[in-house]
S.K.: 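Quick one: structure below, then a few questions.
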There are 2 protein chains.
Amino acid sequence: MKKNKAETEQTVQNLINIARHHFTAYGYANASLEEIVKEAGLTRGALYHHFKNKKGLFLAVFEAVQEEVGGYVEAAAAQSKDSWDQLVNGCQAFLEGAVESHNQRILLIDGPAVLGWDTFRKMDEKYSMNSLKEQLQSMQEQNLIKPLSVEAMTHCLSGSMNEAVLWIANHLDRKTDVIKEAMTVLRHLLEGLREEQNT
Amino acid sequence: MKKNKAETEQTVQNLINIARHHFTAYGYANASLEEIVKEAGLTRGALYHHFKNKKGLFLAVFEAVQEEVGGYVEAAAAQSKDSWDQLVNGCQAFLEGAVESHNQRILLIDGPAVLGWDTFRKMDEKYSMNSLKEQLQSMQEQNLIKPLSVEAMTHCLSGSMNEAVLWIANHLDRKTDVIKEAMTVLRHLLEGLREEQNT
DNA sequence: TTAACATACGTACAGTATGTATGTAAATAT
DNA sequence: ATATTTACATACATACTGTACGTATGTTAA
């Protein structure tokens with residue numbers, strides 16, 4: 001029998017979830033649409049009805065992962081009232097969230113290559129990067145960090161964390177320790193941006 | 001007529017150079033081997049004689065670019081006797097070299113996606129990342145930077161610079177200014193690692 | 001000098017993947 | 001109740017990589 005609106009949405013979500021598994025497991029290039037739809041009990045016709053093409057499917061997966069990790073970050077930051085703590089907590093949440101279930105492959109490896117860096121960056125700014133930027137902006141206005149280019153700081157810090165995630169992901173055996181090391185370095189790096197207080 | 005050793009080497013180098021152009025212009029996935037060999041006046045048979053597969057060709061290109069940029073970095077660092085200056089100069093040289101002629105697409109976008117992050121990291125460590133790590137190690141032994149995990153610092157800084165490169169590459173219209181901004185932030189971040197002198 | 005072998009290709013084809021055009025039955029709108 | 005849109009399936013066109021195989025030319029050693 002045929003599907004109604006709600007069931008259709010369910011079908012789409014199911015496709016995205018299955019695709020997510022395939023993309024994380026095999027990487028974008030080696031993930032086969034045929035395999036994905038087979039697992040969903042459909043054919044490629046269905047997939048091309050819901051998504052423009054393979055890249056479109058990947059984009060949907062990418063956004064889902066971004067949103068998920070972004071949620072962690074926001075939640076972690078919201079747990080503190082102190083701006084500096086918010087920043088640090090957000091960073092740690094990002095490290096942990098991005099490492100989780102090989103999200104980093106979608107977020108950091110295939111993301112830029114498949115979407116192109118500019119598209120990737122726009123997406124990234126919409127989600128995780130934006131909160132970092134706003135936090136830095138706000139802290140700068142509070143005179144908590146030095147009056148440097150917020151844009152530049154955001155990119156440098158974001159880059160640090162992205163690479164840290166990939167590094168951590170390759171040492172999952174001692175994950176907590178490596179996260180700790182990374183966070184220590186990050187905190188020290190951030191100290192370099194802290195404005196000397198002269199009340 | 002048949003080719004001798006030297007001519008063969010020339011053919012291989014030519015293929016690498018042409019492939020490099022195609023990879024930077026179209027990206028790995030959209031670069032066609034057929035087009036590459038056509039431009040070289042050969043067929044795919046020749047290519048598969050010299051390289052294992054498309055990935056093998058990309059690896060050769062990747063190594064060539066790495067070596068090139070690595071050369072810039074070493075040269076820039078060697079221009080100073082002061083460890084701190086060496087580090088900063090090396091960083092700047094990396095930013096400039098990696099941005100040059102869209103090298104960033106091969107080095108930072110397709111590199112990890114095509115080779116896989118672990119292979120990519122091994123290559124990167126062999127070339128550019130290694131000099132950074134050794135510099136940090138040496139500076140730590142001189143008590144110039146804090147006794148944090150050199151590994152962690154290397155990854156965070158390397159990540160910063162990689163992302164900075166991509167950012168710069170997307171603002172080529174005001175390239176020098178953006179590089180300046182990035183370097184300013186980088187210098188401040190590095191300050192966070194500097195050991196307070198207590199002689 | 002010539003026989004044995006390696007090298008450097010070219011050619012043809014197989015396999016696999018994406019993407020597109022078209023058909024169709026069910027669901028929804030009118 | 002009928003028309004139209006939706007949600008797929010099917011079949012096919014296209015493009016690309018990779019591989020098997022053939023061949024002509026260099027190279028080396030007997």
Side-chain angles (χ1 to χ4, degrees), chain A residues 1-62 106 110-111 113-116 119, chain B residues 1-62 106 110-111 113-116 119:
Chain A
M1 66 222 138
K2 218 33 217 243
K3 280 167 187 170
N4 60 25
K5 272 273 180 67
E7 287 171 326
T8 299
E9 175 60 19
Q10 165 71 27
T11 302
V12 171
Q13 282 303 319
N14 192 233
L15 270 173
I16 292 178
N17 284 329
I18 294 172
R20 178 171 172 173
H21 289 135
H22 282 249
F23 286 145
T24 55
Y26 312 120
Y28 177 82
N30 296 324
S32 160
L33 297 182
E34 199 76 51
E35 293 293 319
I36 290 171
V37 294
K38 192 206 286 175
E39 196 173 323
L42 297 169
T43 65
R44 288 220 328 286
L47 200 155
Y48 278 93
H49 172 67
H50 293 295
F51 302 94
K52 197 192 167 205
N53 49 26
K54 189 179 185 181
K55 203 149 113 180
L57 176 62
F58 180 82
L59 186 64
V61 172
F62 182 83
I106 289 172
D110 285 333
V114 173
L115 303 174
T119 305
Chain B
M1 69 222 135
K2 193 65 206 242
K3 283 169 184 167
N4 61 26
K5 274 273 179 66
E7 285 170 328
T8 298
E9 175 60 19
Q10 164 72 26
T11 301
V12 171
Q13 282 304 318
N14 192 233
L15 271 173
I16 292 179
N17 284 329
I18 294 172
R20 178 171 171 173
H21 289 136
H22 281 248
F23 286 145
T24 55
Y26 311 119
Y28 178 82
N30 296 322
S32 160
L33 296 182
E34 200 74 53
E35 293 293 317
I36 290 171
V37 295
K38 193 208 285 177
E39 196 174 321
L42 297 169
T43 65
R44 291 218 330 288
L47 200 155
Y48 277 91
H49 172 68
H50 293 295
F51 302 94
K52 194 191 170 209
N53 49 24
K54 192 179 184 181
K55 203 149 116 180
L57 176 61
F58 179 81
L59 186 64
V61 172
F62 181 84
I106 291 172
D110 285 332
V114 173
L115 303 174
T119 306

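Side chains included, hydrogens not; waters and symmetry mates left out as well; all remaining heavy atoms used.
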S.K.: Would you please confirm or rule out a distance under 4.0 Å between OP1 or OP2 of D/dA7 and any side-chain N or O of A/His50?
M.R.: no

S.K.: Hey, are the side chains of A/Phe62 and A/Asp110 touching, using non-hydrogen atoms and a 4.5 Å cut-off?
M.R.: no

S.K.: Report the distance from atom NE2 of A/His22 to atom P of C/dA17, rounded to the nearest whole Å.
M.R.: 12 Å

S.K.: For B/Ala60, give me all partners under side chain to side chain contact (heavy atoms under 4.5 Å, CB included), at least two apart in sequence or on another chain.
M.R.: B/Ile16, B/Phe51

S.K.: Which residue pairs satisfy the salt bridge (Lys or Arg N to Asp or Glu O under 4.0 Å) criterion with at least one member in residues 16-30 of chain A, sequence neighbours excluded?
M.R.: A/Arg20-A/Glu68

S.K.: Quick one: side chain to side chain contact (heavy atoms under 4.5 Å, CB included) partners of A/Ala19, sequence neighbours excluded?
M.R.: A/Phe23, A/Ile36, A/Leu57, A/Val61

S.K.: Separation of A/Leu15 atom CG from D/dA7 atom C1', in whole Å?
M.R.: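 Roughly 12 Å, once rounded to whole Å.
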
S.K.: Could you tell me the separation between the CD atom of B/Gln10 and the P atom of C/dA8, rounded to a whole number of Å?
M.R.: 14 Å

S.K.: When you get a sec, tell me which of D/dA7, D/dT10, C/dC9 is the closest nucleotide to the side chain of B/His49?
M.R.: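 Of D/dA7, D/dT10, C/dC9, C/dC9 is nearest to the side chain of B/His49.
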
S.K.: Check the interface with nucleotides 17-21 of chain D: list each N/O to N/O pair with the protein under 3.5 Å, or write none.
M.R.:
from   : atom 1 : to      : atom 2 : distance (Å)
D/dT17 : OP1    : B/Leu33 : N      : 3.3
D/dT17 : OP1    : B/Lys54 : NZ     : 3.3
D/dG18 : OP2    : B/Tyr48 : OH     : 2.6
D/dG18 : OP2    : B/Lys54 : N      : 3.1
D/dG18 : N7     : B/Arg44 : NH2    : 2.4
D/dG18 : O6     : B/Arg44 : NH2    : 2.6

S.K.: Take atom NZ of B/Lys38 and atom P of D/dA15, then tell me their distance rounded to the nearest Å.
M.R.: 12 Å

S.K.: Round to the nearest Å and state the distance from A/Glu9 atom CD to D/dA7 atom P.
M.R.: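 After rounding, the reported distance stands at 10 Å.
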
S.K.: Once side-chain hydrogen bond (donor to acceptor under 3.5 Å, both in side chains) is applied, do any residues pair with A/His50, and if so which ones, sequence neighbours excluded?
M.R.: none

S.K.: Under the salt bridge (Lys or Arg N to Asp or Glu O under 4.0 Å) definition, can you give me all pairs with a residue in residues 21-39 of chain B, not counting sequence neighbours?
M.R.: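 Counting only pairs at least two positions apart or across chains, the salt bridge (Lys or Arg N to Asp or Glu O under 4.0 Å) contacts touching residues 21-39 of chain B are B/Glu34-B/Arg44, B/Glu35-B/Lys38.
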
S.K.: For A/Tyr26 and C/dT16, what is the distance between atoms OH and C1' respectively, to the nearest whole Å?
M.R.: 16 Å

